[in-house]
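All remarks here apply to the structure that follows.
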Protein chains: 2
Amino acid sequence: MMECKQKKPSKETILALGDAIELLRGKWKISILRNLSFGEMRFKDLLVAVAGISPKVLSKELQDLEQNLLITRTVNNTKPITVSYAITDHADSTVPPIINALLEFGLNHRKKIMAHSQVEQL
Amino acid sequence: MMECKQKKPSKETILALGDAIELLRGKWKISILRNLSFGEMRFKDLLVAVAGISPKVLSKELQDLEQNLLITRTVNNTKPITVSYAITDHADSTVPPIINALLEFGLNHRKKIMAHSQVEQL
DNA sequence: ATAGTTACTTTCCTAAAGGTAACGAATAGT
DNA sequence: ACTATTCGTTACCTTTAGGAAAGTAACTAT
């Protein structure tokens, strides 16, 4: 397993980390961005794909992400109006690495937790 | 700039991502882990290093991280008692990549935001 | 006229997160 | 006895996040 080099704790670094945490905080934003990283989606599709989210919360999160230039919102002139959401280029190049790192962490954590509870039963 | 391959949306993947988000949620956990990734630290050092955190919140976050096996707590028998916190091996191999990805994202975002507001002023 | 679809918004409420300030317990120094 | 240090806890309060349920608006089909 590879270790990762750490950047020096400069002021800029700490600010950037704070920004990232604030922009992506909460239960839903990462999942929404992950779904959009596979291709653009409409509101209702996201409502299904992001399991458990309510329309109110989805709407609010999407507005938030749009304001921060992480996604775009496009109104299509279709029979019943549809709206497409897409991840922006700049988010698409920096968010997937975060998701993959979280995934690694999550999978590894599950293993460790299971090993730990095995030991506790002895 | 390199694009990152995405894993297929299997059930396990979605669960792992959910775990990761839940374990690392909030304003402080990532910063605490980042500081500990440079080496073990005592309570009071963390109180200074994690700028803005209060003793109450730090205490709670540390308990949380310990319960989830991401850090260890060691009481040293020194003159006034001291307590050392250290990141666990398994967290130390999976958390820094997350932090670096967040850093990349944060730095890149700052650039884009500044470029954007430049344009708006024209 | 009625019903369905899509994309929300509104209201109301609860729970979790977070902040402030003061206090406590153990130990040691003077 | 008094003060200082370290590592917290307790009580109280405000803010933010999030969930449930219903409603709205625009349009289409029947």
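Chain letters run A, B, ... following the sequence lines, proteins first and then strands; every chain starts at 1.
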Could you give the CG-to-P distance, from B:L58 to D:dG8, as a whole number of Å? 8 Å

Taking CG from A:D64 and P from C:dC8, how many angstroms apart are they, rounded to a whole number? 15 Å

Base D:dG19 paired with A:K56 side chain (donor-acceptor, <3.5 Å): yes

Apply the hydrophobic cluster definition, ILVMFWY joined by side-chain contacts under 4.5 Å directly or through others, and give me every member besides B:I113. A:L69

Can you list every ring pair (Phe, Tyr, Trp, His ring centres under 6.0 Å) pair that touches residues 60-94 of chain B, not counting sequence neighbours? A:H109-B:H90

Here the distance between atom C1' of D:dT16 and atom CD of A:E61, to the nearest Å, is 12 Å

Would you jot down, in residue-number order, the residues of residues 18-27 of chain B having a non-hydrogen atom under 4.0 Å from DNA chain C? B:G26, B:K27

Are there any protein N/O atoms within less than 3.5 Å of an N/O atom in nucleotides 22-27 of chain C, and if so, which ones and at what distance?
none

Under a 4.0 Å heavy-atom cutoff, the residues of residues 65-77 of chain A touching DNA chain D are none

Just how far, in rounded Å, is C1' of C:dA7 from CD of A:Q63? 12 Å

Please list residues of residues 39-54 of chain A whose heavy atoms come under 4.0 Å from any atom in DNA chain D, ordered by number; otherwise none. none

Starting from P on D:dC7, measure out to OH on B:Y85 and report it in whole angstrom. 8 Å

